[in-house]
Number of protein chains: 2
Amino acid sequence: MGQDMSGTSLDFSARLRAAGLRPTRQRVALARVLFEAGHRHVTAESLHAEVKATRIPVSLATVYNTLNQFRDAGLLREVVVAPGRSYFDTNTGHHHHFYVEPDGELHDFPSDKVTVAGLPPPPKGTRLNRVDVIVRVKR
Amino acid sequence: MGQDMSGTSLDFSARLRAAGLRPTRQRVALARVLFEAGHRHVTAESLHAEVKATRIPVSLATVYNTLNQFRDAGLLREVVVAPGRSYFDTNTGHHHHFYVEPDGELHDFPSDKVTVAGLPPPPKGTRLNRVDVIVRVKR
DNA sequence: AAGTTGTTTAGAACAGTTCTAAAAACTGCA
DNA sequence: TGCAGTTTTTAGAACTGTTCTAAACAACTT
Ligand SMILES: [Mn+2]
Ligand SMILES: [Mn+2]
Ligand SMILES: [Zn+2]
Ligand SMILES: [Zn+2]
């Protein structure tokens with residue numbers, strides 16, 4: 001009846017392995033911070049600060065490497081809404097964003113109730129990849 | 001009956017003055033490159049390269065200063081679609097963008113035929129500022 | 001023309017990100 | 001469990017786009 005935490009770290013290991021990534025201490029620590037709560041939007045710096053609090057040593061270079069690997073593996077999505085820094089989004093499903101200025105906060109909203117109609121056809125020689133809707137709001 | 005170009009530079013001077021900016025040689029040269037043709041999407045580097053071709057000396061620092069001033073004056077709009085660099089858009093009206101990857105090209109499309117319906121209300125304590133639609137396309 | 005103020009400039013500085021190459025750690029196999 | 005082979009991590013350097021500094025210069029006012 002006690003809470004079972006024993007499998008948690010193994011789950012992340014398995015998930016990393018499934019993505020073709022060795023489950024190293026650093027990657028597991030980062031995956032834990034990223035994926036064990038609900039959906040998140042982090043920057044490299046913010047994630048680095050968070051993982052440092054877990055007392056597992058992770059360099060900033062590894063945070064960048066790992067974010068890029070996770071993104072390439074489809075575990076994260078990169079979001080660019082403001083000059084100078086990237087956000088990484090644990091929600092890889094189809095959704096859109098509120099961007100709160102000047103706080104720099106990102107909030108998801110589902111795309112299934114949103115209709116984007118009347119888009120022109122893609123320019124010659126290109127094909128559609130994705131439609132991003134960014135709702136910029138002010139405090 | 002000859003073509004009248006004599007007023008052109010004065011027009012830019014007037015426009016700059018109207019925006020509260022002294023019509024210096026550099027600002028007029030940049031305004032000319034930016035606004036004398038149709039709508040454009042430039043980066044600081046690309047604009048710097050272009051204005052250098054006019055043989056009027058303009059430093060990169062001035063290009064950045066001027067782009068920021070023009071944006072603050074409402075003459076330009078800043079567009080952020082990819083990590084690492086800003087685009088500046090001479091089209092300040094309401095419109096949306098195609099972003100061609102990996103070229104980094106931006107193309108306008110009018111927003112008056114596009115419907116974005118079903119957006120959730122802005123988060124508590126915020127008010128709507130703008131809705132950006134970015135259609136990402138691949139070659 | 002002189003004085004005042006605003007602008008431009010080269011170069012330094014800065015922020016975010018990527019690179020380098022050496023040390024450390026993971027994995028498969030004895 | 002030890003070892004070899006390979007991947008990962010790391011500190012720090014490097015790099016890119018952008019901003020800052022403060023001195024020279026140019027525009028406007030009188
Ligand atoms: Mn990258
Ligand atoms: Mn700026
Ligand atoms: Zn999101
Ligand atoms: Zn545009």
Side-chain angles (χ1 to χ4, degrees), chain A residues 9-10 12-31 33 41-49 51-52 54-73 75-76 78-88 102 104, chain B residues 9-10 12-33 41-49 51-52 54-73 75-76 78-88 102 104 106:
Chain A
S9 156
L10 279 169
F12 287 118
S13 288
R15 227 171 132 181
L16 291 172
R17 237 180 259 286
L21 298 165
R22 285 193 184 173
T24 64
R25 206 148 14 94
Q26 284 78 1
R27 293 210 271 232
V28 171
L30 290 167
V33 172
H41 302 92
V42 303
T43 64
E45 289 284 358
S46 79
L47 179 59
H48 188 222
V51 78
K52 269 199 293 198
T54 71
R55 312 268 74 204
I56 290 156
V58 185
S59 72
L60 185 55
T62 294
V63 172
Y64 276 106
N65 289 342
T66 304
L67 285 172
N68 287 332
Q69 291 155 355
F70 283 12
R71 178 205 53 213
D72 293 348
L75 268 39
L76 291 175
E78 189 169 1
V79 180
V80 180
V81 285
R85 76 188 336 118
S86 277
Y87 291 81
F88 289 85
Chain B
S9 156
L10 279 168
F12 286 118
S13 288
R15 228 171 132 182
L16 290 172
R17 237 181 261 285
L21 298 166
R22 284 193 187 174
T24 64
R25 208 148 10 94
Q26 283 78 2
R27 292 209 271 232
V28 171
L30 290 167
R32 223 197 254 291
V33 172
H41 302 93
V42 303
T43 63
E45 289 285 356
S46 79
L47 179 59
H48 188 224
V51 78
K52 269 199 291 197
T54 71
R55 314 268 72 206
I56 290 156
V58 185
S59 72
L60 185 56
T62 294
V63 173
Y64 275 106
N65 289 341
T66 303
L67 285 172
N68 287 332
Q69 290 154 356
F70 283 11
R71 179 205 53 213
D72 293 347
L75 269 38
L76 291 176
E78 190 169 359
V79 180
V80 180
V81 285
R85 80 191 330 119
S86 276
Y87 291 82
F88 289 86
L106 275 177

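In what follows, chains carry the letters A, B, and so on, assigned in the order in which the sequence lines appear, proteins first and then strands, with residues in each chain numbered from 1.
- Residue S59(B) places none of its side-chain N or O atoms closer than 4.0 Å to OP1 or OP2 of dT8(C).
- Using a 4.0 Å heavy-atom cutoff across all strands shown, P83(A) reaches no nucleic acid atom at all.
- Of the side-chain N and O atoms in Y64(B), one or more sit less than 4.0 angstrom from OP1 or OP2 of dT18(D).
- With sequence neighbours left out, the side-chain hydrogen bond (donor to acceptor under 3.5 Å, both in side chains) criterion links H48(B) to no other residue.
- A side-chain donor-acceptor contact under 3.5 Å links R27(B) to the backbone of R22(B).
- Scanning residues 16-26 of chain B for heavy-atom distances under 4.0 Å to DNA chain C yields R22(B), T24(B), Q26(B).
- In this structure, the OH atom of Y87(B) is 13 Å from the C1' atom of dG17(D), given to the nearest Å.
- The NE2 atom of H48(B) sits 14 Å away from the C1' atom of dT18(D) (whole-angstrom rounding).
- Judged purely by atom type and a 3.5 angstrom limit, T66(A) uses its side chain to pair as donor or acceptor with the backbone of T62(A).
- Between N65(B) and dT8(C) there is no side-chain N or O to OP1 or OP2 distance below 4.0 Å.
- Every residue meeting the side chain to side chain contact (heavy atoms under 4.5 Å, CB included) condition with A82(B), not counting sequence neighbours, appears here in chain and number order: Y99(B).
- Remark: S46(B) engages T43(B) in a side-chain hydrogen bond (donor to acceptor under 3.5 Å, both in side chains) (not counting sequence neighbours).
- Checking dT18(D), dC19(C), dG11(C) against every side-chain atom of A44(B), the shortest atom distance belongs to dT18(D).
- Each of V63(A) and L60(B) has a nearest nucleotide on DNA chain D; the 5'-most of these lies closest to V63(A).
- Protein atom CG of D72(A) is 13 Å distant from nucleotide atom P of dT8(D), rounded to whole Å.
- Nearest nucleotide to the A61(A) side chain, out of dT9(C), dT17(C), dC19(C): dC19(C).
- L67(A) places its CG atom 13 Å from the C1' atom of dT18(C), with the value rounded to the nearest Å.
- Nucleotide dC26(C) holds its P atom 11 Å from the CZ atom of R27(A), rounded to whole Å.
- For R85(A), no side-chain nitrogen or oxygen approaches OP1 or OP2 of dA15(C) to under 4.0 Å.
- Across all strands, T43(A) comes closer than 4.0 Å to no nucleic acid atom at all (heavy-atom distances).
- For S86(A), the side-chain hydrogen bond (donor to acceptor under 3.5 Å, both in side chains) partners at least two apart in sequence or on another chain are E78(A).
- The CD1 atom of I56(A) sits 18 Å away from the P atom of dT8(D) (whole-angstrom rounding).
- Remark: Q26(B) engages no residue in a side-chain hydrogen bond (donor to acceptor under 3.5 Å, both in side chains) (not counting sequence neighbours).
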